[in-house]
Amino acid sequence: MTTTRNRQERDSSTANNRDRYEPSSIEKKWQERWEREAVHKTHDDVPGKDNWYALVMFPYPSGDVHIGHWYQYAGADSHARFKRMQGYNVLHPMGFDSFGLPAENAAIASNIHPRIYTETNIDNMRRQFRSMGTSYDWDRELTTHTPDYYRWNQYLFLRLYEAGLAYQSRGFANWCEGCQTTVANEQVLDGACERCETPIARREMDQWFFKITEYADELLQMEHIDWPNKIKVMQTNWIGRSQGVDFQFDISEYGLSESSLTTFTTRIDTVYGVTFVVLAPEHPLVEQLTRPEQREAVSEYIAKAARTSEIERTSTEREKTGVPTGAYATNPLNGDRVPILVGDYVLATYGTGAVMGVPAHDERDLIFARKYDLPIRVVIAPDGWDGSDLTEAYLTPGTQVNSAEFDGLPNSEGLEKIADKIEAENIGNRRVTYRMRDWQFSRQRYWGTPIPIIHCESCGTVPVPVTDLPVQLPDEAEFKPTGRSPLADDPDFINTSCPECGAPARRETDTMDTFVDSSWYHLRFASPQEAEAPFEPSAVKSWLPVHQYMGGAEHAVMHLLYARFFTKVLRDLKMIDFGEPYSRLFNQGLLVKDHQKISKRSNPLAPDPLVERYGADTIRCYLMFLGPWDQGGDWSDDGLAGITRWLNRVWELATRDASGLSSTGGEQAERELIRAAHKTTRRAVQDLERFKFNTAIAALMELSSEMNRRWEGGSVSAGTWSDVIDRLLLLTAPLAPHIAEELWERRGHSFSIHNQSLPGWDDELAADEVITVVVQINGKVRERLELAADVTEEEAFEAAFASDRVKAYTDDAEIVRRIYVPGKLVNLVVR
RNA sequence: GGGGGAGUGGCGAAAUGGCAGACGCGCAUGCCUUAGGAGCAUGUGCCGCAAGGCGUGCCGGUUCGAAUCCGGCCUCCCCCA
């Protein structure tokens, strides 16, 4: 009776002076105060704290922050906040990857200067990031389109150029006739321009490259970095290391400058089965080898191939085509004279641009041979082969046949012995090739970092002296695409003098791929205002490599590979002393809405109105509650109510006046609430560490409900209640930073909750006193027993046998086996 | 075609060798309310009145015991062709 009356009094007395949870008012208030009091200001070193660099991939300022950004940045921010409350000195910076094609295209489309367009977007995005309650130190913000940043792109380019790792060479680029410009590989979608859908052609142009292939083998070494296996596999496939043999066919009969034609193969064991040779249309010998009677057909074919994208050319769906050159090549191993054809499924950039055709042992070659009526010769025989024709290409291991002295060997052995012979006779050699090519980073675009090179008639290619940096991107230049680099039309920009001889000279007019900017930005964040160098060595030493990198998997083989390459180069240039930029990587999944891709047009979900209506904390928590962060989530407005209710409950629990509580439930009730609190702490901390935000929130919800029940019972002391409330708020703080801060203040604690340590837990206090032991008969659950936590095996079996339900199964049966899993179950195998 | 990931209630999902469905949405019933798109309580995998049986894409295997491990197949998503 007393308890009931007390409770009613408490409720009515507190109802009046308690106010409701109104996210809009408290969120703005705390965002301003955090900024005013520099709560997220990061110092390079804090005595007694270890540094933790939590980096999330910085965004393109291509428009509004959309809900997918929220999904990424809210999760990353929660994890960074969690590490901060774990006691680390955390660097969690933000910037903008603000050069590049998307911004430039959007700017052109709306007839605004790319700089104005970009800076307007950045202002808007900065505002939105603030509205999320992110914990960035804005003093460290960097934007890559400013000279303060891109001058260091130019500086690093010069260092790579000096080291022979940047070079200019003629190469094929993706040319879009519609946009009158080249586009990057990643902007080619199914052979067409992603913007105007014009088919992409290949055009030969002077291009700049970074020698990433020099680091191919080291880039394959990934055992020592803690990255998702998925990404490691993608990088390995992308690099595509293959071991093979360069093999020379004799073409001396034509009396050309070259007496041999080199092909590359990974299957030299099939060399006795070669019945034709195929050259890429761009192969340098095509012109000279083509016989007069084939000249017209070959020229026509080459012209057609030039209009076809590489992706299309190598597609397995597409029919393999080719034309004979009329010339023949002689296989030096057996003297066979085989026709030379031109085929566009062979790429000039892979291997040697020439392949040997072995129709019996390669699917593509077989289709090609059948189509053009070329001979098919089996040289690797399956077990029990009767000498008849094969119906399909034989690709698996077998025995060498029709292979001269190698007949009878398993082909794995033939592979080595034939390679030995080729090397001994000097008609070829073993070689490792990679699918990955050097990184073509020059763009005929305006909105990027000018490449700091000067072309002089007498001195050739001359690097701009470091003291002359930055080479400024002219603001006034014409930026619309005209078919060549926009900067080429700006006389003030191109006309200069040669740094070596002083004669009039022309500047390089290409700009850099934006992936150059993002290859080292993590270093810049360590000392973003450094004016004398790209980064300050001691700051880099305190912060790098990045402890935890977070971002989407779409960058697996672009940014993430380039950044690793840059890191290795800078290490070799002795600018840094580590070889991997990101020690740990976590990829968040994709957010969809109602099972469909979120799109501005067909399935929109703008964050600002949601924040206005529900509050940033609610949106953050809901996004994190949808499912495991790495698996992505499925947004549906309906589910928001659950998070709203929970945060309201936290508010309501934390604002109750607990002074009237008395420990009527005794020690038992106290212990049970303390146990729930310690269990929750353990679960939440362990889950947050592993990015399992969804189950961390579930644990906090359970604790909230448990507290509500305990209050109804009126059974715990005010002191215990208060401790558990504080625990709940501290654990909620990384996820819902505003409400936690507000309630922390209302409970009389000092500012800020985000400078507090997470609560610890005691496994003994978290341990159950009573456990449920499951009794299985032949693996099926037949009984559940409530037993003391410290029950012995003997006691557990005794309890099991005492149960009537168990007896029903054991009475007429023989027990052949008994299994005991401490604290969990008893299994009786009966017959 | 190759590689990777996933498949569990009406829905988002838990459980990674030991009680399948935690937590949340939705739904149902009741309470409270001038009102309810608010709050509270209880229930909610399927079949069955019940006892009980069935149940984690499908088929098989390993195990005392499988959503979880192994083999084969189907479907969906991502990356590369």
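Since this is a predicted model, take the numbers as computed values, not measurements. A, B, ... follow the sequence lines: proteins, then strands. Residue 1 opens every chain.
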Within the structure, does a side-chain N or O atom of [X] lie under 4.0 Å from either OP1 or OP2 of [N]?
X: A:Lys230; N: B:C77; answer: no
X: A:Arg645; N: B:G39; answer: yes
X: A:Arg683; N: B:A14; answer: no
X: A:Arg649; N: B:C40; answer: yes
X: A:Arg435; N: B:G2; answer: no

Suppose we define a pair by two distances each less than 3.5 Å, Watson-Crick or G-U wobble; what does B:G65 pair with here?
none

Anti versus syn assignment for B:G61, with syn defined as within 90° of 0:
anti

Without decimals, in angstroms, what is the distance between A:Leu590 CG and B:G4 P?
21 Å

When the distance from CZ of A:Phe625 to C1' of B:C23 is rounded to whole Å, what number comes out?
5 Å

Mind jotting down which residue pairs meet the salt bridge (charged side-chain N to carboxylate O under 4.0 Å, His left out) criterion with at least one end in residues 612-627 of chain A? Sequence neighbours excluded, please.
A:Asp77-A:Arg620

Going by distance alone, is a donor N or O of one side chain under 3.5 Å from an acceptor N or O of the other, for A:Glu786 and A:Thr772?
yes

With a 3.5 Å cut-off and heavy atoms only, can you find an N or O donor on one side and an acceptor on the other between the side chain of [X] and the base of [N]?
X: A:Gln631; N: B:G5; answer: no
X: A:Arg817; N: B:C64; answer: no
X: A:Asn827; N: B:C64; answer: yes

Using distance only, find each side-chain donor-acceptor pair of residues 624-632 of chain A under 3.5 Å and give its atom names and separation, not counting sequence neighbours.
residue: A:Trp629; atom: NE1; partner: A:Tyr71; partner atom: O; Å: 3.0

Between A:Lys679 and A:Glu702, is there a salt bridge with N-O shorter than 4.0 Å?
no

